[in-house]
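Each remark here refers to the structure printed beneath this line.
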Amino acid sequence: MNFASIERKWQRRWQEDRVFEPTIEEGRKKFFLTVPYPYMSGSLHIGHGRTFTMGDIIARFKRLQGYNVLFPMAFHVTGTPVLAIADAIRVGDQRVINLYKEYVRIYEDDESKVDAIVRSFAEPENIARYFADKTQRDFIGMGYSIDWRRKFHTAEPIYNKFVEWQFKKLYSLGLIKKGEYPITYSPMDGNPVGEDDIEDGDINKVTIMEFTAIKFEFEDGYLVAATLRPETIFGVTNLWIHPEATYCRVQVGNEVWYISKEAAEKLQYQKREIKIGECMKGTYFVGKYVKEPVERRDIPVLPADFVDPDNATGVVYSVPAHAPYDYQALADIKKDRNYLQKFGVTPEIVEKIEPIKIIDIENYDIPARDICMKMGITNQRDPRLEEATQIVYKDEFYSGILNEKCGKFAGIRINDIKDEVRGWLMEIGRADIFYETSRKAVTRNGHKVIVAVIQDQWFIDYTPSWWKERGHKLVDQMLFYPAKYRDMMHGIIDWLEKRPCARKRGLGTRFPWNREWIIESLSDSTIYMAFYTIAHIIRRENIPAESLTEEFFDYVYLGKGTAKDVARSTGIKEKIVEEMRREFLYWYPNDQRHTAPPHLSNHLAFFIMHHAAIFPEKHWPRGITLNGLMIREGAKISKSKGNVIPLAHVADRYGVDLFRLYCAVNADMDSVVDWRESEIAALRRRFNNFVALMEESVEAEPPETLGYEDKWLLSKFYRRLKESTNLFASLKIRDATINMLFHFMNDVKEYENMVGPERRRKLVRMIMEPWLLFLSPVIPHICEEYWHRLGHDTYVSLETLPEIREEYIDDTIEMEKEYVDSLLLDIQEILRVSKISPKDIYIYTAEPWKWEIFRAIKDVSPKDAVRTAMKIRKDKSTMELVKRLLKEKMKYYEMDEVKVLEREKERIEKRINATLHINADYDPKNKQRYALPLKPAIYIE
RNA sequence: GCAGGGGUUACCGAGCCAGGUCAAAGGUGCGGGAUUUAGGGUCCCGUCCCGUAGGGGUUCGAGGGUUCGAAUCCCUCCCCCUGCACCA
C-alpha cells in the first residue's frame, strides 16, 4: 500500500473541497485554535513539526466534538535574522549560501534553479516569500487542517497597520516609554548586535555584565577600578594596574577618570559627554597612592600582569583577604623584590600590606589564603585561580557575613547586601556602572563587540500594577495544560519589567512615533490572532493598507464608533466593515493557543499581557496548551549537529500518519519525545497491523448474530471508546490513542485467538466506522481512505464523534472472561513449575457456603470481616477462608462459575490440551477445600 | 545563582498529583515454541531471584521518617536536564 499517495490524495481533496475553511454560523459553538506562526528564516524540520501536529490533532478532535473550528496560520519574518541572511548572501558569504542551497534543494531538483533562487535571497523579501510558500506546502503535506485563506506574513503593509494600531493602544494606556538601555554593540558596524550576529553567539551566549566602577581619588580626578563585588570595598589594600598597558585621562562630565584606553573607548558608547585626553603607560601610576572611598585611606597602586586592560576599566582593586588572584599577586610580588624595583617601588610598601578580612565565614580564616594553600596554588598565572575564585565566591555569597569593618553594613549576609553597597557608593558619588560583555566576543565579520548604552530606547513598560493585576486575572481564568504552567505564568508576569520593543534594524513594522525604529519581533506578535479573523476579508475585498486606520481597528476589534463613520473615513463599504466586526465577534476570543514551553517567558507572557491591556475580558484568551520538544536519537535537533529531518521529507521517508501517530503516542504531551529509528520501526509494524485489520474487513459483512466472544470484543471496544473519548477531551491524547489503538488491537488479537480470522473480519467490520472516526484526528489520511472505501461520501474530517453504544458494554461478560483467563494462567503456572504433561485437569469451584461468606463481607472493612463471617458460620474453616480472601485481595463479583466453566470447557481444553473435569468427585489431594469464590482449586494429572 | 523538570526492572517508557488490586502498562531487545515459516512477517509463552502445584523473597537514585501498608506522602543528600529577556 502506498501511503504517500493516499496521503496526497486526501490532502488534495481537502483543499479542493475547502474542507477547512469555516464560515461563521451564528448559534453554532465555535473553537478558535492557534499555534504561533513559524519564523521564516529557513525550512521547518520534524522538531517544529511536533507542535503543529499536536495543534492539528486538537483542531481535528474539536471538529469531531462538533465545534465549528478555525485553525489559521501565518508566517513570521520580523526582525534581524532574515535581514542578516540576505546581507550575508549579498556579500557572498559562502557558508550561508551553502546552507541556503541545502534548504532550497529540499524543494528543487534543478541545480541551476537552486542557484538562482538562493541568489534572489539577497533581497530579504524573497527569503520570506519563498519559505512561506514552501512551509505552506509542507503543512498541507502534513495533513494540517488549516484555513489558508487567512494567511499573511508580518512584513506585509496590512499587518504593519495592525501592529501600529496595537502600539497606539498601548501608547494611549501609557505603556510605551523611552529610556536608556545597555545592549551588545559593534562600533565598527555602528549597529547593535544580537545572538545571530556574534561569532558562536548561539553556542556560547554573550550576556551583559554590570560592573561597579569605584572611584579612587588620584591627582586631579579618579583612578577608576571595576568590580563585580562592590561589597569587598571595605577590604581594599591596594590597586592593580597593568604596567605595560595604556591608560588615558578621560573627561566624564565634570569629572576626570583614569582608565585603560580600551575602557575609555567603550565608555564613549556608554555615557554622554566623554572626552578622551592624553594617554600614558601603566607604569605612570605604579608606586603612587590613591585614596579609597570609604575611610579615605591612602593605598598604593601596584603592578600586576593578570590585569586585563580590555576588561571593564582595566584597573582592579585588590582585596587579598577574599580574592585569590589578589592574594596570590601580592604573595608573588612580596617574593620578587627585583620586580618591584624595576618600577621604582620600595619593597617596604608591599611588605606592610596585610589582608583585611571583612567577611566572616565558617571554616575559613582568611578565605583567599586558605583556598590557595589548600589547592597548592603558588603563582598568579596558575589557571586554577579561576576555580579558587569561584569556590570562595560561592561560599561567601551564601554563608558569608560582613564584619565590623563594614560600617553600617556589618552583620549582614553577602547575599542580601551586594546591591545596597553599590547603591550607597553611587549615592555618595564614588561609584558608577560600567557595562562589559560576559566574554570577549566578535561579530561574524570579526569586529569587536562591546556594550553600548542606547539613550533613547523605546520600551514597553510592564510594571504598572493595574496591568499586572489584569494579567494575573486573565491567567486565573484560562486553562493551562499541563496545569503546572499556570503558576509559572504568574511568576513570569511578576517578573516582567521594562522591555525594549524597538530596534534600529530588521524587517517589520516601523515605530509610529519614530520611523527610524522597527518594532521588535516579539512585540509585534502578541494579539495577532485577532488579525486572522478578518485577514481573508481584507484580501477578498482588496482593501488597501491605508484604509486600515486606527478608527477602523477600533471599530472592528473594540466596537468603538460606528461602521458608517468607519466606512466614510476609510472608503471600505459599510457592509464589509460590519462583516468584519461580525467575524471578529464570532471567532474571538482565541480559545486555545498551542505551542512549546520555550515561549512561556516571552511570547505567551506578552500574548496574555497585551490582551489584558487592550481587550475587554470577554475577548481574553481561554487556554494555553504546551507540548515538549522533540529530539532525535537522544540529541537535540539542530543544523550544527547535522541531524535535521525537513518536514518536507516526512511523507516519503516515514509517512505522515506514522509521524503524527508517533507524536501523539511516543511521549506525554509535556515531556520530550525522542525520534528514534528503532521506535519508528516498531510503531510502523503496529500501524501496519492496524491497516491490515482495516483492509481485511473493509469488504466483510458484519455478523448476523452475536456470540459470547463477539459480545466480549464489542464490550471492550465501547468501554475503551468511552474511556478514550474522555481522555482525549481532557487532552490526554497519548493515553486515549494508546488505549483505542494498541490496547484494543491486543483485544482483537485475543479475540481472534478465540474465534479465528474469519469471524474477526466480520466483527471488526462492525466497529470500523466508530473506530476510524475516533482515530481520525491522529491518523486522518488512512481513516479518510477507509471511511470512503466503506462507501461514505462525507469527509471523516468533518464528522462527529462516534456514539458510545452503552448497551454493548457488559461487565458480566468481561468479568467472566477475566475469570477464565486467570484460571488458565493458574493452570499454566502449575504446569510450568511442576513440569507435568497434563492429561486430566480437575477444577473445583468454591462451595456455596464460601460464596455466602464472600457476599457477606464484600463491603465490610478488613478489620470486621472475620467477626462478620463468624456470625454466619462459626467454624475454623470460615476464619481461614476470610483470611485467604483478604490476602488474595479478592474483588467481589457475582458469577455462576460452573456455568461459565461449562461454556468455556472446550476452549480451555484446546488451549492446554487436556481433558477438563468440573467439580468431579475424584479429588485425591483434597484440593477442593482450597477453592475460593472466583478462584477455583485445581488438580492436574 | 534564580526558576522549573527529572532519576522506575537490559533499553525506551507508563505509574506517581487522588498511598494498598504494583514485580510494577505498553513497546524494544533477548530466550523458547507455533505457523506447509525458509531471509526481517504473524501468533503464543517466558524474560529480578528461588520454587516438581497456582507460592515465596528482594526491588523502583541514596539514606531517614509518616503509615497496618509507599515506586507513590514528608525530610536530607547525590546526580541529570531545561529556561533566565530584548533573541526569533
Side-chain angles (χ1 to χ4, degrees), chain A residues 36 38-41 76-82 181-184 192-198 201-202 205 207-208 393-394 397-398 415 454 457-460 462 482-485 487-488 491-492 495-503 506 520-523 525 597-603 605-606 628-629 631 634 636 665-668 670-674 676 678-679 681-683 685-686 688-689 692 734-735 738-739 741-743 746 749-750 752-753 757 822-836 862-863 888-891 911 925 927 930 935-940:
Chain A
Y39 189 72
M40 286 296 103
S41 60
H76 200 198
V77 299
T78 308
T80 49
V82 166
Y181 202 77
I183 52 160
T184 44
V193 290
E195 197 175 297
D196 307 298
D197 307 310
I198 295 171
D202 46 341
K205 241 185 126 166
T207 57
I208 293 171
Y393 179 69
K394 202 176 153 203
F397 188 78
Y398 291 108
N415 208 339
I454 301 291
Q457 174 70 52
W458 292 94
F459 292 92
I460 297 173
Y462 288 101
K484 64 182 175 186
Y485 291 117
D487 284 342
M488 217 181 273
I492 290 163
W495 158 88
L496 283 173
E497 289 177 13
K498 285 183 184 169
R499 181 173 202 281
C501 61
R503 303 188 70 185
E520 173 278 328
S521 65
L522 283 169
S523 306
S525 50
H599 276 144
L600 228 36
S601 67
N602 43 59
H603 167 67
F606 307 143
L629 299 174
I631 58 175
K636 207 162 147 176
V665 148
N666 261 57
D668 273 349
D670 61 332
S671 54
V672 173
V673 65
D674 193 352
R676 302 197 311 169
S678 63
E679 296 286 322
L683 190 68
R685 277 202 292 276
R686 299 205 279 165
N688 288 346
N689 290 347
R734 177 177 197 262
D735 294 335
I738 286 177
N739 191 36
L741 192 56
F742 302 143
H743 291 174
N746 285 344
K749 248 189 247 175
E750 176 70 16
E752 184 174 341
N753 287 334
S822 80
L823 177 65
L824 275 168
L825 237 52
D826 280 347
I827 294 170
Q828 276 159 348
E829 173 148 12
I830 293 167
L831 293 176
R832 189 171 59 250
V833 174
S834 66
K835 300 189 173 75
I836 296 170
K863 278 180 197 150
E888 300 274 345
K889 290 161 189 150
M890 298 299 293
K891 209 169 70 190
R911 186 72 167 261
K925 291 272 168 75
K927 288 283 184 188
Y930 297 120
K935 191 172 171 62
I938 303 161
Y939 175 70
I940 301 175

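Hydrogens, waters and symmetry mates are skipped; everything else that's a heavy atom, side chains included, is used. Here is how names work: the chains are called A, B, and so on, in the same order as the sequence lines, proteins then strands, and each is numbered from 1.
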Whole-Å distance separating the CG atom of A:L496 from the P atom of B:rA85: 12 Å

Watson-Crick/G-U partner (both atom distances under 3.5 Å) of [N]:
{"N": "B:rA14", "value": "none"}
{"N": "B:rC68", "value": "B:rG20"}
{"N": "B:rA3", "value": "B:rU82"}

B:rG5, B:rG54, B:rA85: which one has an atom nearest the side-chain heavy atoms of A:W495? B:rA85

Side chain of A:T80 - closest among B:rA53, B:rC87, B:rG83: B:rC87

If you restrict it to nitrogen or oxygen atoms, what contacts under 3.5 Å exist between nucleotides 49-52 of chain B and the protein, and what is each distance?
| unit_1 | atom_1 | unit_2 | atom_2 | d |
| --- | --- | --- | --- | --- |
| B:rU52 | O4' | A:V833 | O | 3.3 |

Quick one: what's the B/S/- string for nucleotides 21-30 of chain B, heavy-atom cutoff under 4.0 Å, read 5' to 3'? S----SSS--

More 5' along RNA chain B: A:S601 or A:Y485, using each one's nearest nucleotide? A:Y485

Comparing A:I940 and A:D668 on RNA chain B - which has the more 5′ nearest nucleotide: A:D668

Cation-pi check for A:Y462 against A:R499: NZ or CZ below 6.0 Å from the six-membered ring centre and within 45 degrees of the axis, yes or no? no

Using atom P in both nucleotides, what's the gap between B:rA62 and B:rU67 to the nearest angstrom? 23 Å

In whole Å, what separates the P atom of B:rC68 from that of B:rG29? 46 Å

Considering every strand and a 4.0 Å limit on heavy-atom distances, what is the contact class for A:E497: base, sugar-phosphate, or nothing? base

How is A:D735 classified with respect to the nucleic acid when contacts are heavy atoms under 4.0 Å: base, sugar-phosphate, or nothing? nothing

